[in-house]
Protein chains: 2
Amino acid sequence: MRESRVSERDRKIKEKKERLKSFLKEKGLKSTRQRALIVNEFFKADEHVTAEDLYKKISRKHRDIGLTTVYRTLKLLTQSGLATESVFADNLTRYEPLSADDHHDHLICLHCGSITEFENPKIERLKERIAGEFGFIPVSHKMELYGYCNACRENAQSL
Amino acid sequence: MRESRVSERDRKIKEKKERLKSFLKEKGLKSTRQRALIVNEFFKADEHVTAEDLYKKISRKHRDIGLTTVYRTLKLLTQSGLATESVFADNLTRYEPLSADDHHDHLICLHCGSITEFENPKIERLKERIAGEFGFIPVSHKMELYGYCNACRENAQSL
DNA sequence: CTCTAATTGAAAATGAATTTCAATTTCCTT
DNA sequence: AAGGAAATTGAAATTCATTTTCAATTAGAG
């Protein structure tokens with residue numbers, strides 16, 4: 001059970017790496033050791049990381065990867081559709097793995113800073129409706145809920 | 001008709017200036033010529049301005065107001081509840097007048113950059129619902145719709 | 001293997017926003 | 001109305017995330 005879930009995850013990661021490879025070839029760009037390392041760590045982390053976060057993670061094992069290259073690689077992942085950027089209240093750009101065409105929004109805890117993704121079809125419908133009222137053609141949206149997450153609520157006496 | 005609408009607006013602005021005055025006194029801060037000028041221009045503009053925008057507007061008439069002071073005054077307005085900050089896709093901080101306790105969200109045109117406010121009670125209910133599903137206590141939210149506004153859609157042949 | 005174009009890391013540059021600081025101004029107290 | 005403490009100001013310096021520059025290195029097509 002656990003076993004199969006792990007390998008399922010690995011399979012997906014592998015597939016994403018393939019997709020990146022195609023993207024690079026298509027654009028006449030090169031596959032490098034640095035890119036492989038960064039992308040690996042990014043998919044392994046599987047959370048909302050800043051370039052700095054990821055750089056620190058990688059630096060523990062590989063002293064020779066530059067922060068600049070991390071920035072550049074995350075940008076590349078975004079362009080290839082394998083990651084998305086989000087900016088929350090702290091104004092840092094965070095990157096998150098993106099599988100195919102999913103759209104999700106975020107719950108952000110004001111206490112611990114944890115970020116949870118959610119998906120809700122009602123938002124999509126609401127979006128259409130509101131846009132319609134203004135004669136607006138909707139392309140994309142962004143919704144963020146700030147508050148206190150389950151864990152913080154339970155731990156805190158004075159929330 | 002038009003006459004009364006204008007003076008209604010002026011009355012509201014006046015009231016806001018009074019509120020700022022109270023806030024300043026309460027906090028032991030001072031009413032200065034610069035603050036008056038900046039606040040005036042801000043309420044008169046009545047759109048989503050960056051500190052820079054407002055600075056340029058003011059500089060046309062008053063060469064002696066510093067950008068720093070504009071930043072500081074906008075921050076003050078935010079603290080006193082008379083303005084709110086929003087950050088959209090271009091990552092600039094914009095300020096907008098806030099009357100009492102209204103919450104609104106934004107439609108942002110990807111072509112002309114215009115920003116339209118909207119209010120929708122369904123979003124509030126949806127927020128509660130989603131938060132509930134995650135055991136999350138909602139405090140505030142942010143919703144942005146990006147797309148093409150009515151005017152841009154009409155003008156464009158190829159949108 | 002060679003050659004060209006892409007990539008790299010370090011350092012410099014950028015740009016919005018904030019902080020510092022000496023000079024000025026406000027406004028409370030007499 | 002005058003004095004003086006504390007707040008405010010504008011300019012310049014600083015911060016901090018991110019981007020750009022550049023000389024040296026590397027990938028990979030031919």
Side-chain angles (χ1 to χ4, degrees), chain A residues 17 20-42 48-59 61-80 83-95 113, chain B residues 17 20-42 48-56 58-80 83-95 113:
Chain A
K17 288 196 235 169
L20 179 63
K21 216 173 191 173
S22 315
F23 174 82
L24 292 175
K25 186 167 283 178
E26 195 180 300
K27 297 269 177 183
L29 306 176
K30 293 171 180 171
S31 297
T32 64
R33 186 180 59 90
Q34 291 91 330
R35 284 179 181 166
L37 276 166
I38 294 167
V39 166
N40 239 339
E41 203 66 38
F42 175 65
H48 301 72
V49 292
T50 64
E52 191 79 37
D53 289 343
L54 195 55
Y55 171 67
K56 278 182 190 151
K57 264 179 219 264
I58 293 167
S59 295
K61 299 208 164 184
H62 306 275
R63 213 63 48 70
D64 60 334
I65 304 283
L67 174 57
T68 311
T69 304
V70 175
Y71 270 105
R72 286 191 278 226
T73 304
L74 287 172
K75 200 115 269 179
L76 222 48
L77 281 167
T78 304
Q79 285 161 17
S80 69
T84 30
E85 300 181 335
S86 342
V87 181
F88 304 116
D90 64 4
N91 247 40
L92 299 180
T93 302
R94 264 165 245 276
Y95 293 83
Chain B
K17 287 196 235 170
L20 178 63
K21 216 173 190 173
S22 315
F23 175 82
L24 292 174
K25 187 166 281 176
E26 195 181 300
K27 296 271 179 182
L29 305 176
K30 292 170 182 172
S31 296
T32 65
R33 185 179 61 90
Q34 291 91 330
R35 284 180 181 164
L37 275 166
I38 293 166
V39 165
N40 239 339
E41 203 66 37
F42 175 65
H48 301 72
V49 293
T50 63
E52 192 78 39
D53 288 343
L54 195 55
Y55 172 68
K56 278 181 190 151
I58 293 168
S59 295
R60 288 208 279 274
K61 299 208 167 186
H62 306 276
R63 213 63 49 69
D64 60 333
I65 303 284
L67 175 57
T68 312
T69 305
V70 175
Y71 270 106
R72 286 191 278 226
T73 304
L74 287 171
K75 200 114 270 176
L76 223 48
L77 281 167
T78 304
Q79 284 161 16
S80 68
T84 29
E85 300 181 335
S86 342
V87 181
F88 305 116
D90 64 4
N91 247 39
L92 298 180
T93 302
R94 264 166 245 275
Y95 294 85

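Lettering of chains follows the sequences in order, A, B, ..., and the numbering in each one begins at 1. As the structure is a prediction and not an experimental result, all values here were calculated from the model.
No engagement by A:Lys27 is indicated, since no non-hydrogen atom pair under 4.0 Å with the nucleic acid exists. Within 4.0 Å (heavy atoms only), A:Thr50 reaches no atom of the nucleic acid at all. Contacts of A:Arg72 with the nucleic acid, taken as non-hydrogen atoms under 4.0 Å apart, include base atoms. Across all strands shown, A:Asn91 has no heavy atoms under 4.0 Å from either base or sugar-phosphate atoms. Here B:Thr68 lies in heavy-atom contact (under 4.0 Å) with a base.
When each of C:dA17, D:dT18, C:dT26 is scored by its nearest atom to the side-chain atoms of B:Thr32, the top-ranked nucleotide is C:dT26.
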Inset, instruction - In sequence, state the C-alpha distance, the side-chain angles, and the governing distance for A:Arg35 and A:Leu20, and then conclude on side chain to side chain contact (heavy atoms under 4.5 Å, CB included). - result: CA-CA 10 Å; A:Arg35 284 179 181 166; A:Leu20 179 63; 5.6 Å; no
Legend entry - Worked verdict on B:Glu41 versus B:Ile65 for side chain to side chain contact (heavy atoms under 4.5 Å, CB included): CA-CA 12 Å; B:Glu41 203 66 37; B:Ile65 303 284; over 6 Å; no
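Using a 4.5 Å heavy-atom threshold, the side chains of A:Val39 and A:Leu76 count as separate.
Straight-line distance from the CD atom of B:Gln79 to the P atom of C:dT18: 11 Å, rounded to whole Å. Protein atom CG of B:Leu76 is 15 Å distant from nucleotide atom C1' of C:dT18, rounded to whole Å. The distance between atom NZ of B:Lys25 and atom C1' of D:dA6, rounded to the nearest whole Å, is 17 Å. Between the CG atom of A:Leu24 and the C1' atom of C:dA5 there is a distance of 15 Å, given to the nearest Å. Atom CG of A:Leu74 and atom P of D:dT18 are 10 Å apart (whole Å). Residue B:Ile65 contributes atom CD1, which lies 14 Å from atom C1' of C:dT24 at whole-angstrom precision. The distance between atom CZ of A:Phe23 and atom C1' of C:dA6, rounded to the nearest whole Å, is 14 Å. With rounding to whole Å, B:Tyr71 atom OH is found 14 Å from D:dT14 atom C1'.
Side chain of A:Asn40 to main chain of A:Leu37: no donor-acceptor pair is present (N/O by atom type, distance under 3.5 Å, no hydrogens or angles).
Taking only side-chain nitrogens and oxygens, A:Arg33 never comes nearer than 4.0 Å to OP1 or OP2 of C:dT8. Distances shown here put a side-chain N or O of A:Lys75 below 4.0 Å from the OP1 or OP2 atom of D:dT19. The side chain of A:Arg35 places no N or O atom within less than 4.0 Å of a non-bridging phosphate oxygen (OP1 or OP2) of C:dA6.
Heavy-atom distances to DNA chain C give each of A:Arg63 and B:Gln34 a nearest nucleotide, and the one nearer the 5′ end belongs to A:Arg63. Remark on DNA chain D: of its neighbouring residues A:Thr93 and A:Leu29, the 5'-side contact belongs to A:Thr93, judged by nearest-heavy-atom nucleotide.
The two residues A:Tyr55 and A:Gly66 come nearest to each other via the heavy atoms CE1-C, 3.8 Å.
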